[in-house]
2 protein chains.
Amino acid sequence: MVDVSNMPPLDDRKHKILMLLIQNYLETGEPVGSRTLSKLLTDNLSSATIRNEMADLEEMGYLTSPHTSAGRIPTDMGYRFYVNEIMNEHDKKIESMEEFVIEKTEKMEKVLQQVVKTLAVNTNYATMITTPSTNKNRVKFIQLSLFEECKLVALIVMDGNIVKNKVIELNEGIDQETILKLNLLLNTTLNGLSKEEINLGVIARMKEQSEGYQEIVNNVLDAIAEAFTEDEDLEVYTSGATNLIKYPELADKDNAEKLLLAFEDKSELREFLEEAKEDVSEDGIRVYIGDESNVSSMQDCSVVTATYDLGNGMSGHIGIVGPKRMDYKSVLESLKNIKEQLDSTFKGEKRIEKKKN
Amino acid sequence: MVDVSNMPPLDDRKHKILMLLIQNYLETGEPVGSRTLSKLLTDNLSSATIRNEMADLEEMGYLTSPHTSAGRIPTDMGYRFYVNEIMNEHDKKIESMEEFVIEKTEKMEKVLQQVVKTLAVNTNYATMITTPSTNKNRVKFIQLSLFEECKLVALIVMDGNIVKNKVIELNEGIDQETILKLNLLLNTTLNGLSKEEINLGVIARMKEQSEGYQEIVNNVLDAIAEAFTEDEDLEVYTSGATNLIKYPELADKDNAEKLLLAFEDKSELREFLEEAKEDVSEDGIRVYIGDESNVSSMQDCSVVTATYDLGNGMSGHIGIVGPKRMDYKSVLESLKNIKEQLDSTFKGEKRIEKKKN
DNA sequence: ATTAGCACTCAAACTTTAGGAGTGCTAACA
DNA sequence: TGTTAGCACTCCTAAAGTTTGAGTGCTAAT
């Protein structure tokens with residue numbers, strides 16, 4: 001892990017050389033030598049001079065060389081320096097990306113899958129996104145209906161118009177009047193309550209009043225509980241995992257397998273994104289280099305995350321995973337871009353449907 | 001593609017040698033030489049004799065050799081012979097597989113994911129499964145409820161107790177009586193009808209009677225249409241795609257990428273499974289060797305598919321993808337096993353819930 | 001402080017070599 | 001006539017050696 005507090009300051013020339021070297025490395029993927037830099041640099045410095053500077057930068061911990069006679073590549077600290085640097089460049093105009101169009105779709109699920117796919121195709125990295133989650137969810141409306149002899153369906157509408165339903169099988173018939181009474185009871189008791197507010201007291205009182213239909217009440221409570229928890233364990237959609245094996249430094253058999261496995265299983269990703277939610281910067285974008293992500297399979301990767309916000313208290317996380325030498329600039333831009341798109345896609349839509357049961 | 005009608009008949013000895021050779025190749029993954037077979041064979045035949053037989057088998061098209069001085073490996077026709085052969089061995093006792101336990105879960109989606117995962121872990125191949133689909137679906141029950149000023153939710157129960165709901169936003173308020181009337185209208189008109197039976201005539205008649213609430217009727221019809229079609233484009237769940245790159249013959253960069261891509265994208269898989277549905281054998285299990293599957297990325301793979309049946313007219317497809325030298329015997333057993341498990345898992349449950357909206 | 005020059009290092013690519021597994025063919029045998 | 005031993009031959013594989021070129025560190029001159 002890079003200790004940011006321990007990054008020696010650089011004079012102008014070193015700064016320039018370091019940035020140029022990293023940029024070049026990001027483009028080529030090859031270690032960068034002194035001659036290359038000397039040619040690239042506007043101030044006419046000889047390769048020998050650059051060599052000296054590079055030796056210094058190596059000593060300071062910004063650079064390293066894969067072996068004696070190769071050029072230099074950035075260390076994690078080098079990357080960190082670079083990323084900090086470009087994050088400071090105040091948002092330049094966002095160039096319109098090629099076809100970053102998200103079709104309006106009915107289903108949240110589909111939209112998210114489209115988003116990750118678009119991102120993956122455009123960036124050539126692996127991408128992931130969580131379903132949005134609300135923090136404070138309340139019950140809004142409950143309705144029981146008999147749709148067949150001995151078969152009830154419970155319909156529950158939650159805050160944010162998330163709809164949940166559950167089929168309840170009865171042992172014996174039930175008349176419409178009873179259903180009406182139960183509906184009234186359920187609605188008057190539960191509407192407007194949050195998860196925390198539906199406590200034992202409330203439940204007991206309700207059961208008392210439900211005379212002989214506790215079974216139904218139990219079922220409804222189950223469904224509500226499910227709706228609450230379902231909302232908590234966020235789904236993660238991914239795309240472009242295979243992009244990663246295009247990058248030689250990630251493609252070695254062992255590593256590639258672990259990476260792809262992580263993207264198949266997703267539980268590690270979910271954990272990571274859940275944690276990432278907590279340490280967001282002001283603009284919601286954050287870069288994790290190497291082991292900063294704390295995901296072992298991604299030791300050799302960098303991850304860029306962003307939050308997206310749907311306005312009505314719902315928000316989720318997007319992440320882009322690539323090699324450490326990923327094109328940070330364009331990734332940052334893409335993320336900002338997609339954030340905006342997501343916002344505007346849902347801003348017009350008052351209704352958000354969510355996949356359920 | 002193997003032309004089954006063109007497979008020369010084999011005498012006993014050739015038959016024995018071919019089967020033994022393939023079996024050995026499945027185990028080791030290495031080309032099999034004449035000496036190996038000579039030692040393995042119970043009848044004491046010299047390697048020279050075996051060599052002659054092998055030359056014959058090669059000429060017939062059952063075998064091939066990767067290069068002059070390697071042993072022999074089966075051609076696709078060889079595999080086909082082997083598979084046909086072992087499919088004929090009447091169901092031997094199915095050994096209880098290690099932990100083939102599917103926890104009962106509420107959600108179909110979760111169950112299917114568990115199934116593919118279990119299969120993948122147990123077989124070490126890649127697996128896929130489609131959501132079950134019904135052919136003849138009918139509307140069973142419709143209910144409109146007002147849950148908020150100007151917000152209706154339409155609840156639609158289909159055959160097989162598939163529940164669908166749709167939120168409808170109104171421009172102006174609506175009174176309970178009108179809702180009752182609409183409910184009555186919708187139910188009397190649509191209940192019991194199939195997709196085909198809801199035609200223009202029915203729709204027109206209903207709209208006529210709905211006086212000024214055509215918008216709501218339209219919305220309900222939309223939701224019904226969605227429920228019908230949704231059922232048609234089956235979802236595909238996969239697991240263990242990364243298992244495939246463990247097999248050297250599939251792991252070469254190019255091929256591996258295509259394969260993994262196919263498993264990420266899934267549309268090719270969906271197509272394949274949809275087609276597979278149509279040419280099932282009596283026990284519902286079928287083996288596709290190499291290009292028999294007609295999926296280009298799986299040219300070097302074999303696919304074993306099975307149908308599973310949920311009883312109430314709903315059925316889906318499972319597939320296992322591995323190298324051509326996959327352990328056909330155990331895969332066939334696993335599939336039979338899982339089929340049974342799926343059946344019994346749902347047999348007890350009268351209610352099948354399905355992911356919707 | 002900068003630079004030219006030079007000896008040195010090392011990975012990558014290519015070549016060479018040796019070894020071994022397996023074949024096809026022939027001739028001998030039961 | 002089917003089977004087998006023997007042998008020359010092929011071709012893959014792995015190991016060892018060779019070449020090349022990019023790049024470095026150091027030193028001495030400017």
Side-chain angles (χ1 to χ4, degrees), chain A residues 10-18 20-25 27-75 78 247-249 251-253, chain B residues 10-18 20-22 24-25 27-75 78 248-249 251-253:
Chain A
L10 301 180
D11 62 46
D12 266 16
R13 196 164 75 185
K14 285 200 172 55
H15 184 292
K16 204 166 169 185
I17 289 175
L18 180 57
L20 198 61
L21 187 149
I22 297 183
Q23 206 150 326
N24 194 266
Y25 179 64
E27 280 161 25
T28 65
E30 298 290 320
V32 185
S34 52
R35 245 176 71 83
T36 316
L37 284 183
S38 153
K39 269 183 285 182
L40 244 45
L41 226 42
T42 46
D43 359 12
N44 289 34
L45 289 177
S46 78
S47 62
T49 315
I50 310 270
R51 268 206 293 288
N52 291 332
E53 296 289 44
M54 282 162 81
D56 290 352
L57 285 167
E58 175 158 9
E59 204 179 350
M60 294 182 189
Y62 288 106
L63 296 178
T64 186
S65 49
H67 58 87
T68 359
S69 71
R72 301 294 211 298
I73 59 173
T75 58
Y247 301 92
E249 66 266 47
D252 84 288
K253 206 82 191 255
Chain B
L10 301 179
D11 62 47
D12 265 17
R13 196 164 73 183
K14 285 203 173 54
H15 184 295
K16 204 165 169 185
I17 288 175
L18 181 56
L20 198 62
L21 187 148
I22 298 182
N24 193 266
Y25 179 63
E27 279 161 25
T28 63
E30 299 290 320
V32 185
S34 52
R35 245 177 72 83
T36 318
L37 284 182
S38 153
K39 269 183 283 183
L40 244 45
L41 227 41
T42 46
D43 359 12
N44 289 32
L45 289 176
S46 78
S47 62
T49 314
I50 311 269
R51 268 205 292 287
N52 292 331
E53 296 288 43
M54 282 162 82
D56 290 352
L57 285 167
E58 176 158 6
E59 204 179 349
M60 293 182 190
Y62 288 106
L63 296 178
T64 187
S65 50
H67 57 87
T68 1
S69 72
R72 300 295 208 300
I73 59 174
T75 59
E249 66 267 46
D252 84 288
K253 208 76 191 263

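Chain A is the first sequence line, chain B the second, and so forth, proteins listed ahead of strands; every chain is numbered from 1.
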Length of the line joining B/L21:CG and C/dG22:C1', which is rounded to integer Å:
13 Å

Whole-Å distance, B/I50 CD1 to D/dT4 P, equals 9 Å

Atom pair distance, as rounded to whole Å: CG in A/D43 and C1' in C/dT3:
15 Å

Check the pair B/K16, B/D43 against salt bridge (Lys or Arg N to Asp or Glu O under 4.0 Å), reporting the backbone distance first and the verdict last.
CA-CA 11 Å; B/K16 204 165 169 185; B/D43 359 12; 3.3 Å; yes

Around atom CG of B/N44, are there more than 12 heavy atoms from other residues, nucleotides or ligands closer than 6.0 Å?
no

Would you mind telling me which of B/E30, B/E59, B/E58 makes a salt bridge (charged side-chain N to carboxylate O under 4.0 Å, His left out) with B/R72?
B/E58

Should we count CG of A/D12 as having more than 12 external heavy atoms under 6.0 Å?
no

Please report the distance, rounded to the nearest Å, between CZ in B/R13 and P in D/dG2.
10 Å

Residue pair A/Y62 / A/I22, side-chain heavy-atom distance below 4.5 Å
no

Which part of the nucleic acid does A/N44 contact within heavy-atom distance under 4.0 Å: base, sugar-phosphate only, or nothing?
sugar-phosphate

For each nucleotide in nucleotides 11-30 of chain D, reading 5' to 3', give B when a protein heavy atom comes within less than 4.0 Å of its base, S when such contact involves only the sugar-phosphate, and - otherwise.
BS---------BSBBB----

Are A/T49 and C/dT2 close enough that a side-chain N or O sits under 4.0 Å from OP1 or OP2?
no

Could you measure the distance from the CG atom of B/L57 to the CE atom of B/M54? Nearest 0.5 Å is fine.
8.5 Å

